[in-house]
Chemist: 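One structure is given below, represented as structure tokens, and several questions about it will come after.
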Amino acid sequence: MRTYEVRTYGCQMNVHDSERLTGLLEDAGYAAAPTGEQADVVVFNTCAVRENADNKLYGNLSHLAPVKAANPSMQIAVGGCLAQKDRATITQKAPYVDVVFGTHNIGSLPVLLERARVQEEAQVEILESLEVFPSTLPTKRDSAYAAWVSVSVGCNNTCTFCIVPALRGKEKDRRPGDVLAEIEALVADGVSEITLLGQNVNAYGVEFGDRQAFSKLLRSCGSIEGLERVRFTSPHPAEFTDDVIEAMAETPNVMPQLHMPLQSGSDRLLRMMRRSYRRDKFLGIIERVRAAMPEAAITTDIIVGFPGETEEDHLATLDVVGQARFAGAFTFQYSKRPGTPAATMPDQVPADVLRDRYDRLVTLVNDVAWSENKALVGRTVELMVSEGEGRKDAATRRLSGRGPDNRLVHFVAPDDTLGPVRPGDRAVVEVTHAAPHHLVADRVLAVRRTRSGDAWEARTAAPAPAGVTLGMPGVGVPAPLPVASGPACG
């Protein structure tokens, strides 16, 4: 039996695609490579949003070149957004790559690997449009208690800095019944939290002509018995409507959390970015969300150093950060992407100016997030206990979990009177300490064992090979949204 390893870079959509790639490989008879052992097949699921994604891929490929030379039967496959973009050059730069596949044909991977093995030559297959919605493919979920559910793929926006629409294509929507059927099947399998995924989730329904389809979908999720938490990412401010806010506030299992990409607080830059909204509209959305859900945690994406950005533009962004009081932000230094209109714009911001502005933004974002977290000290929070999110949990003898607002909380293990707690279970804790990107709870008030905890226990009871190896955000409960330098779409 040949073994595999999947390495994933980029957004949550890529993480979910890697679950499908893993499912496809196992369905074809491959087994996950044991930890520490070299896999017979290494699959890179790539991102193309920022330049360092290119560098990371080719650097990792070069590290595998001597391994491949020593073991010619080993296979290397490259898929995802970068494969879609660099289809003609990957095998030139790395001639030892066996398979290159795009964002629209991940289901072809097992066939392409076999064809490359039999024909002893590289197989490059890139489709220009989606033929089969990826959710119909076999999937091996990394989490027993939480799952991604795609509502759409592709994007109809034309942001001047973003290459994603060119690589993922125009938006294609799943029918609501198909989405709900998948959620119900996941809940029956022990999942109690789902995250609805799309490049622009609140545009959902555009393909079948229902502008309120997303709010209706949220409300329908509220009637699924056993589904305790619903999240979604990422919406677009230009199309974010009040019916979605109402559905969030009125549907008990839709969590008070919103990731709303800002990108810039300058109206001039937003116009140059083709973002189709202005700062006042953005702040108005934030105000209405907080009026409907005062406990909501709002996170964002911000780009620093977009071509032509002035100090005045940057100060406008800092002003919006101060007013919006974000619980966290992905902050990015602008990265020129060939093929996007912004790449050829004049007045590219000098590196030293960009770095200074980035540092000032990060400092402010951290200060605001820390202040918001301090206000939660003394509060009681029900957590979904998570797995693998507390890097220091073993050393500190703590566990980790996420509150309804998706804040990460590290908490002391409960005493014997409350019983053991497993990933997927619920723990009610009292917050005792705040940091910019997490909270700490030294008091556990209650523990509730759940079907999701049972599912985790059943999965881990029998020895199982390692799952997907991820380079960026975790699978299952969505990754935290601290200040970061990784890619994001939205």
Side-chain angles (χ1 to χ4, degrees), residues 4-25 32-33 39 41-65 75-87 89-90 93-94 97-106 109 126 134 139-140 142-143 148 150 153 155 161-168 195 197 199 233-234 301 303 330-340 388-389 466-476 478-490:
Y4 72 87
E5 176 190 1
V6 178
R7 302 184 187 182
T8 308
Y9 307 98
C11 65
Q12 293 93 334
M13 192 72 73
N14 267 19
V15 173
H16 190 28
D17 282 348
S18 285
E19 292 185 321
R20 296 178 181 121
L21 292 170
T22 302
L24 283 161
L25 290 169
V41 175
V42 178
V43 182
F44 293 90
N45 190 12
T46 64
C47 174
V49 171
R50 304 184 74 242
E51 185 178 6
N52 65 1
D54 299 42
N55 299 335
K56 183 175 289 187
L57 170 66
Y58 291 113
N60 286 334
L61 286 175
S62 67
H63 291 155
L64 284 179
Q75 291 185 295
I76 301 171
V78 178
C81 288
L82 191 62
Q84 192 83 17
K85 178 176 78 73
D86 287 359
R87 64 190 76 182
T89 60
I90 290 175
K93 293 181 178 180
V97 167
D98 298 276
V99 171
V100 178
F101 63 101
T103 59
H104 300 306
N105 63 315
I106 62 176
L109 176 60
I126 306 290
T139 300
K140 182 185 177 184
D142 192 68
S143 170
W148 310 103
S150 292
V153 294
C155 181
F161 57 82
C162 186
I163 197 170
V164 170
L167 304 179
R168 291 274 182 181
T195 300
L197 279 183
Q199 242 75 51
T233 194
S234 289
D301 299 330
I303 295 173
F330 281 120
T331 55
F332 308 91
Q333 297 182 37
Y334 169 73
S335 182
K336 185 188 295 186
R337 305 312 290 135
T340 62
E389 293 205 74
V468 182
T469 300
L470 300 176
M472 285 198 58
V475 195
L481 294 169
V483 175
S485 57
C489 306

Chemist: If only atom types and distance count, is the side chain of Gln84 paired as donor or acceptor with the main-chain N or O of Thr103 below 3.5 Å?
Modeler: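 Yes.
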Chemist: Atom CG of Leu167 and atom SG of Cys162: how far apart are they, to the nearest 0.5 Å?
Modeler: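 Going from CG on Leu167 over to SG on Cys162, the span is 8.5 Å.
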Chemist: Run the side chain to side chain donor-acceptor pair (under 3.5 Å) test against Tyr58 and tell me which residues pass, sequence neighbours left out.
Modeler: Asp86
Chemist: Could you tell me whether the side chain of Thr22 and the main chain of Lys140 form a donor-acceptor pair under 3.5 Å?
Modeler: no
Chemist: Is Tyr4 close to Leu24 at the side-chain level, that is, under 4.5 Å between some pair of heavy atoms?
Modeler: no
Chemist: Quick check: do Arg337 and Val49 have side-chain heavy atoms less than 4.5 Å from each other?
Modeler: no
Chemist: Looking at Asn45 and Val15, would you say the former's side chain and the latter's main chain have a donor-acceptor pair under 3.5 Å?
Modeler: no
Chemist: I'd like to check Leu21 versus Thr8 (side-chain heavy atoms, cut-off strictly below 4.5 Å). Are they in contact?
Modeler: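 No, side chains not in contact.
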Chemist: If you apply the rule side chain to side chain contact (heavy atoms under 4.5 Å, CB included), what do you find for Thr139 with Trp148, and how did you get there?
Modeler: CA-CA 11 Å; Thr139 300; Trp148 310 103; over 6 Å; no
Chemist: I'd like to check Gln12 versus Thr195 (side-chain heavy atoms, cut-off strictly below 4.5 Å). Are they in contact?
Modeler: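 Sidechains of Thr195 and Gln12: no contact.
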Chemist: Would you please name every residue forming a side chain to side chain donor-acceptor pair (under 3.5 Å) with Ser150, sequence neighbours left out?
Modeler: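 Counting only residues at least two positions away or on another chain, Ser150 forms a side chain to side chain donor-acceptor pair (under 3.5 Å) with Arg20.
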Chemist: So do Leu61 and Val78 actually touch side chain to side chain, heavy atoms under 4.5 Å?
Modeler: yes
